[in-house]
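We count residues from 1, following the sequence as given.
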Amino acid sequence: MEAVRANLGGFEVKICGWVQYLNLFGVAIGYTIASSISMMAIKRSNCFHASRGKNPCHMNSNPYMIGFGIAEIIFSQIPDFDQLWWLSIVAAVMSFTYSTIGLGLGIAKVAENGKIRGSLTGISVGTVTQTQKIWRSFQALGDMAFAYSYSLILIEIQDTLKAPPSESKTMSKATLLSVGVTTLFYMLCGCMGYAAFGDLSPGNLLTGFGFYNPFWLLDIANAAIVIHLVGAYQVYCQPLFAFIEKSAAKRFPDSEFITKDIKIPIPGFRPYNLNLFRLVWRTIFVMLTTLISMLLPFFNDIVGLLGAIGFWPLTVYFPVEMYISQNKIAKWSTRWLCLQILSIACLIITIAAAAGSIAGVILDLKSYKPFSTAY
């Protein structure tokens with residue numbers, strides 16, 4: 001919002017804020033769903049192994065979402081969680097672990113099959129209807145957009161870096177490296193998963209039980225996902241937490257409930273600053289995201305919708321408009337036209353992705369009973 005205010009100003013600042021914070025709220029819901037599915041996958045893989053595949057091992061996702069929510073309530077009370085230096089290292093190790101395991105299992109499955117399944121045109125009509133194929137193709141665009149949702153907190157991360165060298169130089173190198181590495185892994189995992197299972201590919205390679213063995217390796221991968229998302233949830237929510245708390249303090253500067261910190265001594269450590277407003281508001285926020293996750297536990301559709309909502313405005317429109325403003329690019333010049341064409345093309349993709357995801361959610365709701373979804 002501050003970057004948009006500095007470069008564009010006006011009503012666009014409010015639009016940016018609404019979209020950004022709505023998206024961060026949505027990411028918290030998506031991460032809650034994803035974590036619970038991975039926790040259930042650990043339980044189910046052990047159940048499959050114990051029964052040698054005879055037990056379908058169906059289970060309800062609600063207890064796992066509640067467990068994740070309780071953990072997030074505790075972690076949300078850690079001040080400046082996003083600035084813990086070791087957090088990024090843990091996240092990188094966890095990402096590398098589950099991505100490598102997923103890729104390795106995909107390659108092993110292709111070798112076991114002795115052939116590459118699937119086709120260049122995607123899932124066959126017959127396995128799904130022509131209409132379903134179109135909607136799912138659109139939804140897939142939203143899933144891909146969500147994969148790069150870190151752009152939401154790119155400037156927030158840059159703001160925590162120390163200079164010299166300048167934050168922009170450090171961030172440019174970090175972005176180039178991270179986008180390159182993640183794109184390589186995403187493409188390899190996606191392509192090898194499709195090559196391994198073809199039309200029967202699960203929505204999530206590590207939790208959809210295309211793989212059953214080795215069960216212990218699946219457990220490690222899913223545990224890595226849960227550990228990663230526990231921290232990622234907090235990092236993505238920090239800008240939203242900070243915005244609400246700063247706004248409340250500004251509006252009610254004389255309220256002790258909002259502004260006063262209570263020092264709680266901890267032997268061997270610095271006193272912990274307990275803020276009652278932070279305790280209440282963050283707890284309510286986590287409870288709300290957990291409740292919505294329990295109501296709408298459709299991982300792929302929700303992820304696609306979140307990706308669609310946030311992709312065009314935050315990853316394309318505002319950065320393009322700020323670039324035009326900063327560099328004083330003349331209207332109707334060749335560069336200006338190219339940038340506008342890029343922005344419009346991405347807007348069309350966003351609309352298509354949102355339509356596909358909404359269609360998926362509507363389809364899911366036809367056979368869904370609240371709070372009783374079993375996997």
Side-chain angles (χ1 to χ4, degrees), residues 23-45 59 61-78 81-84 86-102 142-153 156-157 178 181-182 185-186 189 202-208 218-241 282 285-294 296-307 310 373 375:
N23 214 268
L24 291 172
F25 180 72
V27 167
I29 295 166
Y31 283 176
T32 303
I33 298 169
S35 303
S36 69
I37 291 172
S38 285
M39 285 187 269
M40 283 190 295
I42 295 171
K43 182 81 173 173
R44 287 184 72 197
S45 71
M59 58 189 67
S61 60
N62 291 344
Y64 298 92
M65 290 189 187
I66 292 168
F68 182 80
I70 291 168
E72 293 304 340
I73 287 172
I74 295 166
F75 283 120
S76 69
Q77 297 307 315
I78 299 174
F81 190 95
D82 57 320
Q83 296 188 36
L84 297 177
W86 47 265
L87 197 63
S88 293
I89 297 170
V90 172
V93 171
M94 295 300 110
S95 296
F96 187 75
T97 300
Y98 63 72
S99 299
T100 305
I101 291 172
D143 289 341
M144 285 187 273
F146 184 81
Y148 294 96
S149 61
Y150 80 99
S151 59
L152 287 174
I153 56 168
E156 307 284 348
I157 295 168
S178 62
V181 172
T182 52
F185 269 98
Y186 292 159
C189 287
N204 184 322
L205 281 180
L206 296 171
T207 62
L218 282 171
D219 288 354
I220 291 171
N222 282 298
I225 291 173
V226 174
I227 293 167
H228 183 189
L229 293 184
V230 165
Y233 180 105
Q234 289 300 322
V235 171
Y236 272 80
C237 289
Q238 289 301 315
L240 182 53
F241 288 161
R282 293 191 183 189
F285 174 87
V286 175
M287 289 171 68
L288 185 60
T289 58
T290 305
L291 181 65
I292 295 172
S293 302
M294 290 161 69
L296 298 169
F298 320 125
F299 178 67
N300 272 26
D301 297 323
I302 296 297
V303 160
L305 185 59
L306 291 172
T373 299
Y375 291 87

K.L.:
Out of curiosity, Tyr31 OH to His228 NE2, how far, rounded to the nearest 0.5 Å?
P.N.:
6.5 Å
K.L.:
Does the side chain of Phe185 reach to within under 4.5 Å of the side chain of Thr100, using non-hydrogen atoms?
P.N.:
yes
K.L.:
Nearest 0.5 Å, what's the CZ-CD1 distance between Phe96 and Ile101?
P.N.:
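Between atom CZ of Phe96 and atom CD1 of Ile101 there are 10.5 Å.
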K.L.:
Heavy atoms only: give me the nearest Thr32-Thr290 pair and the separation to one decimal.
P.N.:
CG2-CA, 4.4 Å
K.L.:
Can you name the nearest heavy-atom pair linking Ser95 to Ser99, along with the distance?
P.N.:
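Taking every non-hydrogen atom into account, O-OG, 2.8 Å.
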K.L.:
With side chains defined as the heavy atoms from C-beta onward, is the minimum distance between Phe25 and Leu288 less than 4.5 Å?
P.N.:
yes
K.L.:
Is there side-chain contact between Met94 and Ile225, with heavy atoms separated by less than 4.5 Å?
P.N.:
no
K.L.:
I need the Met40 CE to Met65 CE distance, nearest 0.5 Å.
P.N.:
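One finds 6.5 Å between CE of Met40 and CE of Met65.
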K.L.:
For Met294 and Ser61, what are the C-alpha separation, side-chain angles and deciding distance, and is it a side-chain contact (heavy atoms from CB on, under 4.5 Å)?
P.N.:
CA-CA 8 Å; Met294 290 161 69; Ser61 60; over 6 Å; no
K.L.:
Looking at Ala28 and Cys237, what are the two nearest heavy atoms and their distance?
P.N.:
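Here Ala28 and Cys237 meet closest at CB-SG, 3.8 Å.
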K.L.:
If we count only N and O atoms by modelled type, under 3.5 Å, do the side chains of Tyr233 and Thr289 hold a donor and an acceptor together?
P.N.:
yes
K.L.:
Can you name the closest pair of heavy atoms from Tyr64 and Ser36 and give their distance?
P.N.:
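Between these two residues, the closest heavy atoms are CB-CB, 3.9 Å.
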K.L.:
With a 6.0 Å cut-off on the ring centroids, do Phe285 and Phe241 count as close?
P.N.:
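Centroid distance Phe285-Phe241: below 6.0 Å, so yes.
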K.L.:
Consider side chain to side chain contact (heavy atoms under 4.5 Å, CB included). Of Leu24, Asn23, Leu229, which one does Tyr236 pass it with?
P.N.:
Leu24
K.L.:
Any idea which heavy atoms bring Ser35 and Phe68 closest together, and the distance?
P.N.:
OG-CE1, 3.1 Å
K.L.:
What is the minimum heavy-atom distance between Asn222 and Ala41, and which atoms define it?
P.N.:
ND2-CB, 3.6 Å
K.L.:
Decide yes or no for Arg282 and Ile73: does some side-chain heavy atom of the first lie under 4.5 Å from some side-chain heavy atom of the second?
P.N.:
no
K.L.:
From Ser38 OG over to Ile33 CD1, what is the distance, rounded to the nearest 0.5 angstrom?
P.N.:
12.0 Å
K.L.:
Once rounded to the nearest 0.5 Å, what's the spacing between atom OG of Ser293 and atom CD1 of Ile66?
P.N.:
11.0 Å
